[in-house]
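In what follows, chains carry the letters A, B, and so on, assigned in the order in which the sequence lines appear, proteins first and then strands, with residues in each chain numbered from 1. For clarity, every value in this text was computed on a predicted model and none was experimentally measured.
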Protein chains: 2
Amino acid sequence: MVVFIELDFESKTPIYTQLKHEIIAGIARNEIALGEGLPSVRSLAADLGINLHTVNKAYQQLKQEGFILIHRQKGVVVNPDGVTPADETYYADLKETLRPSIAEAVCRGMSEEDYVSLIQDIFKEFKKGEKK
Amino acid sequence: MVVFIELDFESKTPIYTQLKHEIIAGIARNEIALGEGLPSVRSLAADLGINLHTVNKAYQQLKQEGFILIHRQKGVVVNPDGVTPADETYYADLKETLRPSIAEAVCRGMSEEDYVSLIQDIFKEFKKGEKK
DNA sequence: TTGTCTGTTATACTTATAATATAACAGTTA
DNA sequence: TAACTGTTATATTATAAGTATAACAGACAA
């Protein structure tokens, strides 16, 4: 269950952010099914060798962003209805975050085609899981 | 000169990072020509209403990443030879940073085509400048 | 040569964030 | 009852971001 979560303690991106990314990637790859349960904050923290509050922070944000639900009974569960679909606000925010990346790529002489094909490579990583 | 630099003091992205992004975007849009001079750390800091060290931090990183040169005589100058072109390391790092963004997009039901067309929209922002 | 500008370095301070460490509370369930 | 769940509170440490002064050495024009 926790097997696919890998953290880099040397990275400058915060642990709770890495944890969020790993869980979101797990959902995208269909390694965690919709409605499936996730480990408790204490057990996941123990398995990963980190603090309970670090896991809790990641869970709270994932809940806030609609990826998971937290029932008092069932515990932590991947949102069975799927994640809130992309809307105009999401597109606008995504554009803001991608612009600096593309500006740098342009400066480094990277072609639009190369950038797009790199995007397509990453999409392929997630499409494999669709067949499961 | 400084006219196109806009900072958001409410943003959670650090000021020196925003400043780097603005300058890189300026280069990508050909609003700053290769070899052209940039304001001194003190004058830019005064114009933007921020501290000299914040500007210096941005300049140092831009220098480190090959976007600008700093001569003791000529002051700060956009690298006349252009920026260090994209290599395999750059592609690998770019992939790492884009993966979480794409994973979330997949979860939100965004199609590969929609994502790519958003990328193409951003590229168009920079291509306009090519005609200058 | 005297100012004035340049980047650079050093020190100090404040604030915010990240991460950990305990502890406790209330509800669930075997 | 006992062991688990999420949640909240408090405290501590470490690091990053931003500001505030100050000083140094080189460039350059008056």
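- In this structure, A:Leu118 and B:Lys95 have side chains that are in contact, with non-hydrogen atoms separated by less than 4.5 Å.
- Rounded to the nearest 0.5 angstrom, B:Ser40 OG and B:Asp47 CG are separated by 8.5 Å.
- Here the CD atom belonging to B:Gln120 is positioned 10.5 Å from the CD1 atom belonging to A:Ile119, to the nearest 0.5 angstrom.
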Please list, pair by pair, any protein nitrogen or oxygen found under 3.5 Å from a nitrogen or oxygen in nucleotides 2-7 of chain C.
residue: C:dT6; atom: OP1; partner: B:Ser40; partner atom: OG; Å: 2.9
residue: C:dG7; atom: OP2; partner: B:Val41; partner atom: N; Å: 3.3
residue: C:dG7; atom: N7; partner: B:Arg42; partner atom: NH1; Å: 2.9
residue: C:dG7; atom: O6; partner: B:Arg42; partner atom: NH2; Å: 3.1
residue: C:dG7; atom: N3; partner: B:Arg72; partner atom: NH1; Å: 3.3

Would you sort out whether A:Asp93 and A:Thr97 count as a side chain to side chain contact (heavy atoms under 4.5 Å, CB included), showing the intermediate values?
-> CA-CA 6 Å; A:Asp93 290 350; A:Thr97 56; 5.7 Å; no
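- For residues 69-121 of chain A, the pairs satisfying ring pair (Phe, Tyr, Trp, His ring centres under 6.0 Å) are A:Tyr115-B:Phe123, with sequence neighbours left out.
- For A:Glu22, the salt bridge (Lys or Arg N to Asp or Glu O under 4.0 Å) criterion is met by no residue, not counting sequence neighbours.
- Not a single donor-acceptor pair under 3.5 Å links the side chain of B:Asn79 to the backbone N or O of B:Phe67.
- With a cutoff of under 4.0 Å to any heavy atom of chain B, the contacted region of DNA chain D is bounded 5' to 3' by D:dA17 to D:dA27.
- By the salt bridge (Lys or Arg N to Asp or Glu O under 4.0 Å) test, A:Lys20 is found to be paired with A:Glu65, residues two or more places apart in sequence or in another chain being considered.
- Between the CG atom in A:Asp81 and the CG atom in A:Leu34 there is a gap of 8.5 Å [rounded to 0.5 Å].
- Considering only side-chain N and O atoms, A:Lys57 lies under 4.0 angstrom from the phosphate OP1 or OP2 of C:dA18.
- For DNA chain C, none of the residues of residues 7-25 of chain B falls under the heavy-atom distance limit of 4.0 Å.
- With the 3.5 Å cutoff on both pairing distances, Watson-Crick and G-U pairs in DNA chain D assemble into runs of at least 3 at C:1-5 with D:26-30, C:7-25 with D:6-24, C:27-30 with D:1-4.
- With sequence neighbours excluded, the residues forming a side-chain contact (heavy atoms from CB on, under 4.5 Å) with A:Val76 are A:Leu38, A:Tyr59, A:Ile68, A:Ile70, listed by chain and number.
- At least one side-chain heavy atom of A:Thr84 sits less than 4.5 Å from a side-chain heavy atom of B:Arg108.
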Sort me out a list of protein N/O and nucleotides 10-15 of chain C N/O pairs below 3.5 Å, or just none if empty.
residue: C:dA10; atom: N6; partner: B:His53; partner atom: NE2; Å: 2.5

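- Between the CG atom in B:Leu19 and the OG1 atom in B:Thr13 there is a gap of 11.0 Å [rounded to 0.5 Å].
- Listed by chain and residue number, nothing satisfies the salt bridge (Lys or Arg N to Asp or Glu O under 4.0 Å) test with A:Asp114 (two or more places apart in sequence, or in another chain).
- By the side-chain contact (heavy atoms from CB on, under 4.5 Å) test, A:Leu7 is found to be paired with A:Ile5, A:Phe9, A:Ile15, A:Gln18, A:Leu48, A:Ile50, residues two or more places apart in sequence or in another chain being considered.
- When the salt bridge (Lys or Arg N to Asp or Glu O under 4.0 Å) test is applied to B:Arg99, the partners found at least two apart in sequence or on another chain are A:Glu125, B:Glu96.
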